[in-house]
Enquirer: 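Pasting in a structure now, in structure tokens, and then I'll have a few things to ask.
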Amino acid sequence: MPKIIQRPRGTQDILPIDQKYWRAIQASVEKVLTHFNFGRIETPMFESEDTFLRPIGQYSDIVEKEMYEVKRLSDSKDPDEGNQRLVLRPEMTTAVARSFIENGLLSWPQPVKLWYFGPAFRYDRPQKGRYRQFFQYGFEIFGDASATADALVILAVWQILSELKLDHLAILEINTIGDKNCRPKIRKTLGDYFKNYTKELCADCQRRLSTNPLRILDCKTVGCQPIIDQAPTVLDLVCELCKNHFRLVLEHLDDLDIGYDLNPRLVRGLDYYTRTTFEIRAKDDERRQSSLGGGGRYDELVVMMGGQSTPGIGFAGGVERLIELMIDRGLKVADRTEPKICVVQFGQLARRKSLVLVAKLANLGYSTVAAFDKDSLNAQLKYANRMGVAYSLIIGQKEALENEVIVRNMSDGSQETVSVKKLDEVLKRKVKQ
Ligand code: AMP
């Protein structure tokens with residue numbers, strides 16, 4: 001017997017039974033972002049590695065450990081790509097920025113607002129909430145440097161969570177990490193502080209001392225925590241302009257009644273961020289194991305990628321993490337595709353009529369099931385019960401000849417015979433769509 005093939009570790013099959021969550025999330029994302037006039041963008045699932053390397057940062061976990069290379073099976077080089085390596089996208093912001101530059105979106109009226117929903121790929125140790133292929137929804141605003149844009153992005157996240165009835169379960173953490181003017185001073189001050197503890201820091205943080213001391217603030221290693229706790233606060237080190245920007249963002253959040261926790265250690269792992277950084281986490285995730293989403297301002301990103309200076313701010317959230325939260329909290333999500341009606345037939349003529357009936361029901365907008373290869377009435381009614389339909393429409397030889405169906409209520413077994421012509425009317429009365 002051939003060996004059973006399994007999906008790769010850290011990936012998931014999304015079966016029909018789970019689609020309702022995906023649909024609910026995508027519908028909420030689309031609804032809210034359309035209200036705020038974001039347009040959908042889709043970029044390729046693989047890109048040249050340059051799209052990600054420099055903006056995300058050579059020493060980030062993503063670039064150092066988590067990217068997948070895409071290659072043809074044949075060893076020979078791809079003449080279209082030269083020496084350029086192709087990788088599966090580990091995130092979308094940089095890919096969207098690449099597209100913004102490549103498609104000349106700077107010539108559009110600014111700000112340009114874009115949203116996306118699709119898979120991203122990162123090599124990681126698979127566990128609950130952490131996959132090698134996972135879906136992100138996210139959105140970006142290019143060409144708006146105002147603090148109001150930062151607050152609008154957070155407002156949109158909040159509205160999406162509220163559409164999904166998850167807003168009361170979530171917490172917003174926010175920080176500022178300075179811009180290109182004050183960042184060198186921040187790095188130096190933190191670097192000088194952490195150098196006093198070189199020996200006590202974990203190996204990763206020792207490396208971060210020379211690559212980016214700001215990242216040490218983000219370290220989860222137990223031994224580093226007391227040292228980080230005593231470190232200078234970034235908010236005290238940022239320049240007046242950055243401080244002022246941050247104050248304005250917080251004022252907007254107050255106006256919008258969106259609560260927040262200031263988290264001075266929130267630096268986020270990617271190099272392209274400037275000024276505002278924020279993360280959303282579930283209230284009971286105190287150990288900050290699995291954030292629901294995160295974002296921030298990236299005023300240098302477009303320049304870093306070879307475009308003309310364009311400020312930007314965005315957010316990306318994890319779809320699986322939202323779904324897991326919905327399931328953990330027992331949130332009910334309606335399944336629009338649950339079948340309402342089962343078509344049951346016996347006899348050759350009835351079978352022919354049954355397919356015409358299925359077509360008619362589909363046109364009327366009813367989700368229908370049928371087990372055409374079962375002959376016995378009992379077997380088909382059993383199937384109808386297992387499928388959880390409210391009504392079965394039964395056609396036997398007599399009904400087929402007289403253009404009628406028997407409408408059977410599956411919960412109490414009551415039946416009435418109805419002419420096919422009147423069926424629409426009868427179903428409208430009986431079946432909730
Ligand atoms: P990041 O770009 O790392 O801030 O990711 C944004 C969001 O994507 C996170 O807050 C998570 O919700 C989600 N996410 C990131 N990595 C994974 C992963 N390996 N598996 C599932 N979700 C993820």
Side-chain angles (χ1 to χ4, degrees), residues 7-12 14 18 21-22 25-26 28-29 43 47 51-53 55-57 59-68 87-97 115-140 153-154 156-158 160-161 164 166 169-175 177 215 217-220 263 265-273 276-283 285 287-298 301 312-328:
R7 61 177 186 267
R9 268 194 84 200
T11 64
Q12 288 181 300
I14 307 158
D18 295 322
Y21 298 105
W22 291 80
I25 293 172
Q26 185 156 343
S28 306
V29 168
T43 56
E47 298 257 354
T51 305
F52 308 108
L53 287 195
I56 292 179
Y59 300 105
S60 62
D61 284 352
I62 291 185
V63 169
E64 277 193 329
K65 309 181 220 166
E66 298 174 0
M67 285 214 286
Y68 286 95
V87 295
L88 286 177
R89 62 184 183 197
E91 61 122 44
M92 266 78 113
T93 299
T94 45
V96 174
W115 71 276
Y116 57 79
F117 189 107
F121 308 84
R122 293 181 196 173
Y123 181 85
D124 208 333
R125 210 161 47 81
Q127 52 191 292
K128 189 177 178 210
R130 196 164 291 280
Y131 306 99
R132 292 180 179 172
Q133 174 180 294
F134 57 97
F135 279 70
Q136 284 192 334
Y137 67 97
F139 45 102
E140 319 288 349
V153 166
I154 294 171
V157 178
W158 226 252
I160 291 168
L161 293 175
L164 293 165
L166 294 173
L169 299 176
I171 284 186
L172 165 67
E173 294 194 340
I174 191 163
N175 191 23
I177 56 170
R215 290 248 175 86
L217 295 176
D218 207 15
C219 178
K220 304 271 188 306
N263 177 355
R265 292 174 53 168
L266 187 72
V267 292
R268 305 205 20 87
L270 318 180
D271 266 4
Y272 57 67
Y273 284 115
T276 314
T277 55
F278 65 95
E279 249 172 51
I280 314 289
R281 65 177 173 85
K283 272 187 185 153
D285 181 25
R287 288 169 58 224
R288 297 182 171 75
Q289 292 291 309
S290 82
S291 85
L292 296 174
R297 186 159 271 290
Y298 44 76
L301 175 62
I313 166 114
F315 167 84
V319 177
E320 290 83 354
R321 302 231 175 134
L322 284 184
I323 294 176
E324 282 162 14
L325 187 63
M326 289 161 103
I327 293 174
D328 284 352

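In listed order, ligands and their atoms are each counted from 1. All residue numbers in this chain count up from 1 along the given sequence. Values below: all heavy atoms of this structure, side chains included; hydrogens, waters and symmetry mates excluded.
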Enquirer: Given that the side chain starts at C-beta and the backbone is N, CA, C, O, which of these parts of Arg268 lies under 4.0 Å from ligand 1, counting heavy atoms, or is it both or neither?
Expert: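 The answer is the side chain of Arg268.
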
Enquirer: Test your reading of the model: is there a side-chain donor-acceptor pair from Arg265 to the backbone of Leu217, 3.5 Å cut-off?
Expert: yes

Enquirer: Below 3.5 angstrom, do we get any N/O pair linking Leu292 and ligand 1?
Expert: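 Checking ligand 1 against Leu292, an N or O pair does fall under 3.5 Å apart.
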
Enquirer: Whether the side chain of Thr11 engages the backbone of Gln133 through a donor-acceptor N/O pair (distance < 3.5 Å, no angle test) should be reported.
Expert: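 The answer is no, because no donor-acceptor pair under 3.5 Å joins these two groups.
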
Enquirer: To which of Phe121, Tyr137, Tyr131, Tyr123 does the heavy atom nearest atom 19 (N) of ligand 1 belong?
Expert: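 Among Phe121, Tyr137, Tyr131, Tyr123, the closest heavy atom to atom 19 (N) of ligand 1 belongs to Tyr131.
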
Enquirer: Among Ser291, Gly295, Gly318, whose heavy atom sits nearest atom 10 (O) of ligand 1?
Expert: Ser291

Enquirer: If the plane angle is over 60° it's perpendicular, under 30° parallel, otherwise tilted; pick one for Tyr137 and Phe315.
Expert: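 It falls in the tilted class, 30° to 60°.
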
Enquirer: Between the side chain of Asn175 and the main-chain N/O of Leu266, is any donor-acceptor distance below 3.5 Å?
Expert: yes

Enquirer: Take the angle between the ring planes of Phe135 and Trp22 and call it parallel below 30°, perpendicular above 60°, tilted in between.
Expert: perpendicular

Enquirer: Answer yes or no for Arg122: is there a heavy-atom contact with ligand 1 below 4.0 Å?
Expert: yes

Enquirer: Consider every N or O of Phe134 and every N or O of ligand 1, then say whether any pair is closer than 3.5 Å.
Expert: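 There is no such contact.
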
Enquirer: Test your reading of the model: is there a side-chain donor-acceptor pair from Arg89 to the backbone of Thr43, 3.5 Å cut-off?
Expert: yes

Enquirer: Checking Arg321 side chain against Gly129 main chain: does a donor-acceptor pair fall under 3.5 Å?
Expert: yes

Enquirer: Give the atoms of ligand 1, by number and element, whose distance to some non-hydrogen atom of Ala316 is under 4.0 Å.
Expert: 6 (C), 7 (C)

Enquirer: Would Gln136 count as a contact residue for ligand 1, given that I'm defining contact as a non-hydrogen atom of the residue lying under 4.0 Å from a ligand atom?
Expert: yes

Enquirer: Give me the residue, atom name and distance of the protein heavy atom closest to atom 21 (C) of ligand 1.
Expert: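 For this ligand atom, the closest protein heavy atom is Gly129 O, 3.1 Å.
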
